[in-house]
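From a predicted model like this one, the values you see are computed outputs, not experimental measurements.
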Amino acid sequence: MRAYLVTVALCALAVSLANASDPAPLQDFCVALKAKDYSDSAVFVNGKFCKDPEQAKADDFFFKGLNKPGNTDNRVGSNVTTVNVDQIPGLNTLGISLARIDFAPYGLNPPHTHPRATEILVVLEGTLYVGFVTSNPDNRLFTKVLNKGDVFVFPVGLIHFQFNVGKTNAIAIAALSSQNAGVITIANAVFGSDPPINPDVLTKAFQLDKNVVEHLQKLF
């Protein structure tokens, strides 16, 4: 009985360690299918159905247009062009994706998190003030001013931001350690949820006047 319990405990430990990160692919690739292309023979892997490898083609691993600037004519003055599994089906199960971020002068990529990915960012043009905040209880802020060619890392799940402090446009490229990193923009999530969070909750959480909270909810 004692040996049995030890075996069970070791198996449980092995399973917990095995589930600590995404599993490694067991084949060369698993090209994601769009919903309209699902068939009875499709295989569901890591959030996507996969096509028959024999039907894969070069276009499944290709994206065109990252050289084109995004439209920054919006409230925050920035635009994110994502290149993830939805744009490149061949990224499915490979655990990597990309984004181009364009900034107008003084444009901001607002505080946000990627729940499933670490991000590494390189500045191609301009000057960015970037940073991230650690988890509770420390909430330490790490910031840096980046110029052309500089690189900065944002750890998985932590709130981070990028702000163009220059008088000209800025461009950055970000790589993320997930085929679909996800993004939660803090202000949008808190003040623009659907349905709205009860203003009393936000009034107490942010120590704001209720009228201010309701005004912010209207903005988002």
Before giving the answer on side chain to side chain contact (heavy atoms under 4.5 Å, CB included), spell out for I186 and T113 the whole-Å C-alpha distance, their side-chain angles and the decisive distance to 0.1 Å. CA-CA 8 Å; I186 307 307; T113 73; 4.1 Å; yes

Any side-chain heavy atom of [X] within less than 4.5 Å of one from [Y]?
X	Y	value
L208	L216	yes
T143	V130	no
Q179	N84	no
R75	F220	yes
L98	I88	no
F163	L108	yes
V201	V213	no
I120	V151	yes

Set out, in order, the CA-CA distance, both residues' side-chain angles and the distance that settles side chain to side chain contact (heavy atoms under 4.5 Å, CB included) for E119 and V153, then state yes or no. CA-CA 6 Å; E119 174 182 342; V153 174; over 6 Å; no

Salt bridge between K51 and D60, side-chain N to carboxylate O under 4.0 Å? yes

- Go through the steps to decide whether D150 and L121 satisfy the test side chain to side chain contact (heavy atoms under 4.5 Å, CB included), and finish with yes or no. CA-CA 8 Å; D150 291 344; L121 177 137; over 6 Å; no

Linked, directly or transitively: [X] and [Y] (ILVMFWY side chains, under 4.5 Å):
X	Y	answer
L141	L146	no
V76	F191	no
I171	L66	yes
V80	L176	no
F206	I159	yes

Whether [X] side chain and [Y] backbone form a donor-acceptor pair below 3.5 Å:
X	Y	value
D200	K204	no
N74	S78	yes
T185	A187	no

Could you report the tightest heavy-atom contact between [X] and [Y], atom names first, then the distance?
X	Y	answer
V190	I197	O-CD1, 3.5 Å
A181	P115	O-CD, 3.4 Å
C30	T93	CB-CG2, 3.9 Å
Q217	P199	OE1-CG, 3.6 Å
Q162	I101	OE1-CD1, 3.8 Å
L158	S135	CD2-N, 4.1 Å

Q) Do F142 and F152 have ring centroids that are under 6.0 Å from one another? A) no

Compute the ring centroids of Y129 and F161, then answer whether they are less than 6.0 Å apart.
yes

Spacing of [X] atom [atom1] and [Y] atom [atom2] [to the nearest 0.5 Å]:
X	Y	atom1	atom2	answer
T72	D102	OG1	CG	7.0 Å
R100	N79	CZ	CG	9.0 Å
N92	F49	CG	CZ	11.5 Å
H160	T118	NE2	OG1	9.5 Å
L219	N188	CG	CG	11.0 Å
S97	H114	OG	NE2	8.5 Å

From N169, V123, L128, residue fulfilling side-chain contact (heavy atoms from CB on, under 4.5 Å) relative to F103
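Testing each of N169, V123, L128 against F103, the sole residue satisfying side-chain contact (heavy atoms from CB on, under 4.5 Å) is L128.
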
Does atom CG (N139) have a neighbourhood of more than 12 heavy atoms from anything else shown, all under 6.0 Å?
yes

Checklist entry - With a distance cut-off below 6.0 Å to the six-membered ring centre and an angular limit of 45° from the axis, does R140 pair with F132 as a cation-pi contact? => result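 No; the conditions do not both hold, so R140 does not lie above the ring face of F132.
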
Test side chain to side chain contact (heavy atoms under 4.5 Å, CB included) on D209 and T203 and set out the steps. CA-CA 6 Å; D209 184 271; T203 296; over 6 Å; no

For T127 and N147, test the side chains for any donor-to-acceptor distance below 3.5 angstrom and give the result as yes or no.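 Yes, N147 and T127 have a side-chain donor paired with an acceptor closer than 3.5 Å.
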
